[in-house]
Asker: 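Take this structure, written in structure tokens, and hold onto it; I'll ask about it next.
Numbers for residues simply follow the sequence, beginning at 1. In what follows, every heavy atom counts, from backbone to side chain, and hydrogens, waters and symmetry copies are set aside.
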Amino acid sequence: MGEVKLHGEWSSPFSYRVIWALKLKGIEFEYIEEDLSNKSPLLLQFNPIYKKIPVLVHGGKPISESMTILEYIEETWTKNPLLLPSDSFERAMARFWIKFAEEKGPTIWKIFVTSGEEQEKVKNESLEILRTIEEKGLGEKKFFGGESIGLLDLAFGWMPYWLGVIEEILGLKLLEADKFPRLHAWIKNFKQVLVIKDNPPDRDRMLIHFSSLREKLLH
């Protein structure tokens, strides 16, 4: 079906969404690490609009934006596991919550680049978003789509790894187990999926990287 290459960056949750999707589907691919402070000519050629990672190149044709890439993977490699439900209503609901994840996720990330009263305001907004995800999005299900991992879980895939790193750097806790028991159970289930377990981001390296990044952003 053509050669598959992925241009990504080691600390990006958006890159990991695509890595995990490709591996869940059993698709062989070449991974190309990008230096975002010195973007390669190929990255600029393949994504001239946003000049960002990730970019999937399939048979020489580039696709950018992580959730667009994930939908492309699902539609191109239709073998199991299915990452979107086969039922049209359930598929629409998954896309609704994917849109929610894309629109509300940046609010939670804002806590990383704020301090003082502004950070407290963002924290309260973030807790409200997490409550909505827990109660309305996840509910009593093992994964967001039911009994198996899917695109919506990958859309929220920053939560099991990156959120914990941010919490440690900031010395605060958003996802307390007693307040968000369902999300804590989901995180445990997510990390136990073999592909996720075998391909985690480097937590220690991320702690150093994001600590340094926060200092630069705030000074």
Side-chain angles (χ1 to χ4, degrees), residues 10-21 23-24 66-67 70 81-85 90 93-114 119-211 213-214:
W10 70 271
S11 70
S12 167
F14 308 109
S15 290
Y16 269 88
R17 284 174 174 176
V18 182
I19 290 169
W20 289 331
K23 288 184 175 289
L24 282 165
S66 62
M67 291 312 304
L70 262 58
L82 294 176
L83 299 178
L84 277 173
E90 293 298 326
M93 290 299 97
R95 289 189 169 118
F96 171 88
W97 284 104
I98 286 169
K99 189 170 188 289
F100 183 91
E102 295 297 90
E103 289 181 350
K104 300 297 185 181
T107 298
I108 299 176
W109 277 88
K110 273 175 65 179
I111 202 167
F112 179 67
V113 295
T114 53
Q119 188 180 77
E120 190 63 26
K121 181 184 176 185
V122 174
K123 179 182 176 182
N124 291 333
E125 290 174 359
S126 298
L127 289 171
E128 190 60 39
I129 291 167
L130 291 170
R131 273 191 287 272
T132 300
I133 294 168
E134 164 132 334
E135 294 170 9
K136 306 294 186 184
L138 181 59
E140 301 293 338
K141 301 186 292 293
K142 181 178 180 180
F143 293 98
F144 280 92
E147 287 300 307
S148 58
I149 193 170
L151 248 63
L152 184 49
D153 300 282
L154 299 182
F156 285 118
W158 53 268
M159 211 181 295
Y161 294 103
W162 284 263
L163 185 56
V165 167
I166 288 171
E167 288 175 329
E168 186 169 336
I169 291 168
L170 299 180
L172 58 79
K173 195 72 176 170
L174 287 174
L175 265 183
E176 296 187 60
D178 58 334
K179 293 180 180 177
F180 297 99
R182 297 172 191 171
L183 279 174
H184 267 264
W186 169 76
I187 285 171
K188 184 178 179 182
N189 292 328
F190 185 86
K191 287 183 173 181
Q192 286 177 344
V193 174
L194 192 58
V195 160
I196 310 296
K197 191 175 180 180
D198 288 348
N199 299 276
D202 188 331
R203 178 181 173 82
D204 292 339
R205 192 179 173 196
M206 285 204 299
L207 278 168
I208 296 167
H209 171 73
F210 284 110
S211 293
L213 181 60
R214 176 170 163 80

Asker: Partners of Glu120 by salt bridge (charged side-chain N to carboxylate O under 4.0 Å, His left out), sequence neighbours excluded?
Answerer: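 With neighbours one apart ignored, the set is empty.
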Asker: Please, which pairs that meet side-chain hydrogen bond (donor to acceptor under 3.5 Å, both in side chains) have at least one residue in residues 180-194, sequence neighbours excluded?
Answerer: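 Applying side-chain hydrogen bond (donor to acceptor under 3.5 Å, both in side chains) to every pair that reaches into residues 180-194, excluding sequence neighbours, yields Glu140-Arg182, Asp153-Trp186.
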Asker: Take Phe143 and Val193 through the test side chain to side chain contact (heavy atoms under 4.5 Å, CB included) and record every step on the way to the result.
Answerer: CA-CA 11 Å; Phe143 293 98; Val193 174; 3.7 Å; yes
Asker: Do the non-hydrogen side-chain atoms of Lys104 and Ile133 ever get within less than 4.5 Å of each other?
Answerer: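 A side-chain contact is absent here, since even the closest heavy-atom pair is not under 4.5 Å.
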Asker: Between Phe156 and Phe144, is the gap from one ring center to the other below 6.0 Å?
Answerer: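 Between Phe144 and Phe156, which both carry aromatic rings, the centre distance is below 6.0 Å.
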Asker: Run the salt bridge (charged side-chain N to carboxylate O under 4.0 Å, His left out) test against Arg214 and tell me which residues pass, sequence neighbours left out.
Answerer: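 In terms of salt bridge (charged side-chain N to carboxylate O under 4.0 Å, His left out), with neighbours along the sequence ignored, Arg214 is linked to no residue.
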Asker: Would you say Met159 and Phe190 make side-chain contact, with heavy atoms under 4.5 Å?
Answerer: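 When only atoms from C-beta onward are counted, Phe190 and Met159 do not touch, as no gap falls below 4.5 Å.
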Asker: Kindly indicate whether the side chain of Ser126, heavy atoms from C-beta on, has any atom under 4.5 Å from the side chain of Val122.
Answerer: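 A side-chain contact under 4.5 Å exists here.
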Asker: Can you confirm whether more than 12 heavy atoms, excluding those of Lys141, are under 6.0 Å from its NZ atom?
Answerer: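 Enclosed: over 12 neighbouring heavy atoms sit under 6.0 Å from NZ of Lys141.
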Asker: Quick check: does any side chain N or O of Thr132 sit under 3.5 Å from a backbone N or O of Glu128, one acting as donor and the other as acceptor?
Answerer: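 Checking the backbone N and O of Glu128 against the side chain of Thr132, a donor-acceptor pair under 3.5 Å is found.
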Asker: Which distance, rounded to the nearest 0.5 Å, do you find between the CD of Glu134 and the NZ of Lys179?
Answerer: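 NZ of Lys179 is found 12.5 Å from CD of Glu134.
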Asker: Contact between Leu174 and Phe180 at the side-chain level, heavy atoms closer than 4.5 Å - yes or no?
Answerer: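 No. Closest side-chain heavy atoms not under 4.5 Å.
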Asker: Restricting to non-hydrogen atoms, name the atom on Pro201 and the atom on Trp20 that form the minimum distance, rounded to 0.1 Å.
Answerer: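 Scanning both residues completely, I find the closest heavy atoms to be CD-CZ2, 4.2 Å.
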Asker: Can you tell me how far the OH atom of Tyr16 sits from the OH atom of Tyr161, to the nearest 0.5 Å?
Answerer: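 Result: 9.5 Å between the selected atoms.
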Asker: I'd like to know whether Lys23 forms a side chain to side chain contact (heavy atoms under 4.5 Å, CB included) with Asp198, so could you lay out the CA-CA distance, the side-chain angles of the two residues, the decisive distance to 0.1 Å, and finally the verdict.
Answerer: CA-CA 10 Å; Lys23 288 184 175 289; Asp198 288 348; over 6 Å; no
Asker: Salt bridge or not between Lys173 and Glu176? Use side-chain N to carboxylate O under 4.0 Å.
Answerer: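 Not counted as a salt bridge, because no side-chain N and carboxylate O are separated by less than 4.0 Å.
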Asker: Angle between ring planes, Trp10 versus His209, binned at 30° and 60°: parallel, tilted or perpendicular?
Answerer: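 Answer is perpendicular, since the angle exceeds 60°.
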Asker: Ion pair present between Glu102 and Arg17, side-chain N to carboxylate O less than 4.0 angstrom?
Answerer: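 A salt bridge links Glu102 with Arg17.
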Asker: Does some side-chain heavy atom of Ile111 sit less than 4.5 Å from a side-chain heavy atom of Glu125?
Answerer: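 No, every pair of side-chain atoms sits at 4.5 Å or beyond.
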Asker: Would you say the side chain of Leu70 lies within less than 4.5 Å of the side chain of Met67, judging by non-hydrogen atoms?
Answerer: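 Result yes, sub-4.5 Å side-chain heavy-atom pair found.
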Asker: Treating Gln119 as the side-chain partner and Thr114 as the backbone partner, does any N or O pair qualify as donor plus acceptor under 3.5 Å?
Answerer: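 Between the backbone of Thr114 and the side chain of Gln119 there is a qualifying donor-acceptor contact (under 3.5 Å).
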Asker: Could you pull out all residues at least two apart from Phe14 that satisfy ring-ring contact (aromatic ring centres under 6.0 Å, His included)?
Answerer: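 For Phe14, no residue satisfies ring-ring contact (aromatic ring centres under 6.0 Å, His included) once neighbours in sequence are set aside.
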Asker: Output all residues satisfying ring-ring contact (aromatic ring centres under 6.0 Å, His included) with Phe112, sequence neighbours left out; order by chain, then residue number.
Answerer: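 For Phe112, the residues satisfying ring-ring contact (aromatic ring centres under 6.0 Å, His included) (neighbours in sequence not counted) are Phe210.
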Asker: Determine, stepwise, if the pair Met93 / Leu152 fulfils side chain to side chain contact (heavy atoms under 4.5 Å, CB included).
Answerer: CA-CA 10 Å; Met93 290 299 97; Leu152 184 49; over 6 Å; no
Asker: For Glu168, check side chain to side chain donor-acceptor pair (under 3.5 Å) against everything at least two apart and list the hits.
Answerer: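 With neighbours one apart ignored, the set is Arg203.
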Asker: Between atom CG of Leu163 and atom CD1 of Ile108, what is the distance when rounded to the nearest 0.5 Å?
Answerer: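 Interatomic distance, Leu163 CG to Ile108 CD1, rounded to 0.5 Å: 7.0 Å.
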Asker: Do Pro13 and Trp109 touch side chain to side chain, with heavy atoms closer than 4.5 Å?
Answerer: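 Side-chain contact under 4.5 Å: yes.
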Asker: Are Leu154 and Leu24 close enough, and set up right, to give a side chain to side chain contact (heavy atoms under 4.5 Å, CB included), and what steps lead you there?
Answerer: CA-CA 11 Å; Leu154 299 182; Leu24 282 165; 4.3 Å; yes
Asker: With side chains defined as the heavy atoms from C-beta onward, is the minimum distance between Ile149 and Val195 less than 4.5 Å?
Answerer: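 A side-chain contact is absent here, since even the closest heavy-atom pair is not under 4.5 Å.
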